[in-house]
Amino acid sequence: MSFTSFDGELTHTLPITHDDIRILRPIFLFYDSNCDGFLDPYEAELAFCQLGYADAQISQKIDMAQFLRTVGVIKKKQLEKELDGKLRHVFSLINVKGRRKITSEVLHEYLRSISVSISKEHTERLCELISSQEKHEFTESEFIRFLMPLCRPPP
């Protein structure tokens with residue numbers, strides 16, 4: 001597989017850009033001390049540490065493709081963790097009374113408070129879409145499950 005087609009595969013499946021790849025290739029080559037096209041576990045950990053991924057644990061040699069995929073997977077997990085935290089924060093902003101579930105009435109009032117004009121019927125329908133039981137209320141986990149795919153950056 002050529003670099004160009006591999007780069008395209010990575011940028012479509014992981015949150016890694018062509019610019020990221022241009023930066024990562026020289027890092028890989030720098031740590032490939034014996035120029036065999038592989039990073040041994042020690043070299044890989046040094047490279048990941050330089051990138052700010054100090055907790056990456058590598059147990060075997062990795063080639064350039066594995067290195068780029070691993071960076072992409074780590075980056076994806078970090079973005080999802082960050083997004084999860086942001087969605088939990090939004091849920092808490094809507095859920096001012098700290099209840100376990102947000103009702104359509106509470107959501108409608110919150111949306112009105114931030115100048116979003118939506119009918120009560122549409123708010124109820126939105127709650128049904130978010131709720132796994134198609135009710136007019138939803139939990140934090142249902143809220144996150146519903147919004148997570150919508151908030152991810154496009155491939």
Side-chain angles (χ1 to χ4, degrees), residues 1-28 39 44-60 62-155:
M1 176 183 296
S2 71
F3 275 152
T4 307
S5 63
F6 180 73
D7 292 357
E9 175 193 326
L10 281 177
T11 58
H12 283 31
T13 58
L14 296 169
I16 191 168
T17 66
H18 291 288
D19 287 336
D20 291 334
I21 293 170
R22 277 193 289 275
I23 292 167
L24 293 168
R25 278 207 175 99
I27 292 172
F28 178 91
L39 298 181
E45 286 185 19
L46 289 175
F48 286 118
C49 190
Q50 178 186 343
L51 294 168
Y53 308 135
D55 54 352
Q57 296 179 351
I58 308 298
S59 59
Q60 59 191 20
I62 60 172
D63 64 14
M64 176 85 70
Q66 292 166 315
F67 176 73
L68 294 173
R69 274 194 197 97
T70 303
V71 170
V73 168
I74 292 170
K75 190 174 177 183
K76 181 178 179 181
K77 286 180 183 179
Q78 286 180 330
L79 290 172
E80 286 178 353
K81 184 177 179 181
E82 185 179 305
L83 181 56
D84 183 81
K86 287 179 181 180
L87 290 173
R88 288 181 192 283
H89 177 70
V90 170
F91 184 89
S92 71
L93 291 174
I94 299 169
N95 191 17
V96 292
K97 294 184 180 177
R99 297 197 174 130
R100 208 170 87 71
K101 295 185 178 186
I102 291 176
T103 63
S104 61
E105 293 83 15
V106 170
L107 180 60
H108 188 259
E109 191 59 39
Y110 175 77
L111 293 172
R112 286 187 50 204
S113 75
I114 60 170
S115 302
V116 174
S117 178
I118 185 171
S119 70
K120 287 187 178 189
E121 293 78 22
H122 284 113
T123 306
E124 288 173 355
R125 181 64 185 128
L126 179 59
C127 287
E128 290 171 4
L129 290 170
I130 296 171
S131 171
S132 60
Q133 299 173 351
E134 297 184 14
K135 294 185 176 183
H136 294 178
E137 61 185 17
F138 54 88
T139 64
E140 181 181 65
S141 62
E142 290 170 327
F143 181 73
I144 292 168
R145 177 193 48 78
F146 178 79
L147 286 176
M148 186 72 81
L150 302 174
C151 296
R152 289 192 180 116

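A 6.0 Å sphere centred on CZ of Arg99 holds no more than 12 heavy atoms belonging to other residues, nucleotides or ligands. More than 12 non-hydrogen atoms from other residues, nucleotides or ligands lie less than 6.0 angstrom from NZ of Lys101.
Using a 4.5 Å heavy-atom cutoff, the side chains of Leu107 and Leu126 are in contact. No side-chain heavy atom of Ile144 sits under 4.5 Å from any side-chain heavy atom of Phe91.
Taking each heavy atom of Phe28 and Ile62 in turn, the nearest pair found is CE1-O, 3.8 Å. Across every non-hydrogen atom of Ile74 and Tyr53, the tightest pair is CG2-CD2, 3.5 Å. Counting all heavy atoms, side chain and backbone alike, Leu83 lies closest to Met148 at CD2-SD, 3.2 Å. Annotation for Glu137 and Ser131: closest pair O-CB, 3.2 Å, computed over non-hydrogen atoms. In this structure, Phe67 and Leu51 approach most closely via the heavy-atom pair CZ-CD1, 3.9 Å.
Applying the side chain to side chain donor-acceptor pair (under 3.5 Å) test to residues at least two apart or on different chains, the pairs with a partner in residues 84-93 are Glu82-Lys86, Asp84-Arg88, Arg88-Glu140.
Rounding to the nearest 0.5 angstrom, the gap separating the CD atom in Glu124 from the OG atom in Ser119 is 8.5 Å. The structure places CD1 of Ile118 at 4.0 Å from OG1 of Thr123, a figure rounded to the nearest 0.5 Å. Of the inter-residue distances, the one linking Leu111 atom CG with His122 atom NE2 reads 13.0 Å to the nearest 0.5 angstrom. Once rounded to the nearest 0.5 Å, the distance linking CG of Asn95 with CD1 of Ile102 reads 4.5 Å. Leu147 contributes atom CG, which lies 6.0 Å from atom CD1 of Ile130 (distance to the nearest 0.5 angstrom). Here the SG-NE2 distance, from Cys127 to His136, works out to 7.5 Å after rounding to the nearest 0.5 Å.
No donor-acceptor pair closer than 3.5 Å links the side chain of Glu109 to the backbone N or O of Val106.
Taking the six-membered ring where the residue is Trp, Phe143 and Phe138 present parallel rings, their angle staying beneath 30° rather than reaching 60°.
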Stepwise side chain to side chain contact (heavy atoms under 4.5 Å, CB included) test for Asp55 and Phe48: CA-CA 8 Å; Asp55 54 352; Phe48 286 118; over 6 Å; no
What do the steps show when you test Arg125 against Glu128 for salt bridge (Lys or Arg N to Asp or Glu O under 4.0 Å), and what is the final call? CA-CA 5 Å; Arg125 181 64 185 128; Glu128 290 171 4; 3.3 Å; yes
